[in-house]
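Report on the structure given below.
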Amino acid sequence: MEKTDLDRINELYRKSKSEGLTGEELAEQKALREAYIRAVHNNLRGTLENISIKNPDGTITELKDMKKKNQ
């Protein structure tokens with residue numbers, strides 16, 4: 001997500017609190033928020049897929065491998 005998109009989300013939020021939004025601005029705000037949520041989910045998923053767990057016996061297991069094993 002671009003910095004300009006985040007700035008626009010914040011701008012629309014401030015405007016909604018002060019004077020209200022038009023129908024077009026509400027639709028834009030909704031789309032930007034959905035894109036932001038998708039970006040956060042993708043970032044979290046990428047982080048979790050790169051986590052390794054050290055087992056008590058000293059071996060290292062990738063979290064993504066554990067997920068595949070449990071499915």
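- Proximity of a side-chain donor or acceptor of N55 to a complementary backbone N or O of D57 within less than 3.5 Å is not detected.
- For the atom pair R8 CZ and N10 CG, the distance stands at 11.0 Å (nearest 0.5 Å).
- In this structure, Q29 and L26 have side chains that are in contact, with non-hydrogen atoms separated by less than 4.5 Å.
- Both L44 and I51 sit in one connected hydrophobic cluster of ILVMFWY residues. Membership requires side-chain heavy atoms under 4.5 Å apart, directly or through other members.
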(message) One pair to check against side-chain contact (heavy atoms from CB on, under 4.5 Å): L48 and R45. What are the steps and the verdict?
(response) CA-CA 5 Å; L48 291 175; R45 184 177 310 275; 5.9 Å; no

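- In this structure a side-chain-to-backbone donor-acceptor pair under 3.5 Å is present from S18 to R14.
- With a 6.0 Å radius and a threshold of 12 heavy atoms from other residues, nucleotides or ligands, E34 has its CD atom above the threshold.
- The two atoms that bring R33 and I9 nearest to each other are N-CD1, 4.4 Å, heavy atoms only.
- Note: T4 OG1 to E11 CD = 11.0 Å, rounded to the nearest 0.5 Å.
- Atom CD of E19 sits in a crowded spot, with more than 12 heavy atoms from other residues, nucleotides or ligands closer than 6.0 Å.
- L32 and M1 get closest at one heavy-atom pair: O-CE, 3.8 Å.
- One finds the CD1 atom of I53 at 10.5 Å from the OG1 atom of T59 (value rounded to the nearest 0.5 Å).
- Criterion: ILVMFWY side-chain heavy atoms under 4.5 Å apart, direct or through other members. Under it, V40 and L6 are part of a common hydrophobic cluster.
- Going from atom CD1 of I37 over to atom CG of N42 covers 12.0 Å, rounded to the nearest 0.5 Å.
- More than 12 non-hydrogen atoms from other residues, nucleotides or ligands lie less than 6.0 angstrom from NZ of K15.
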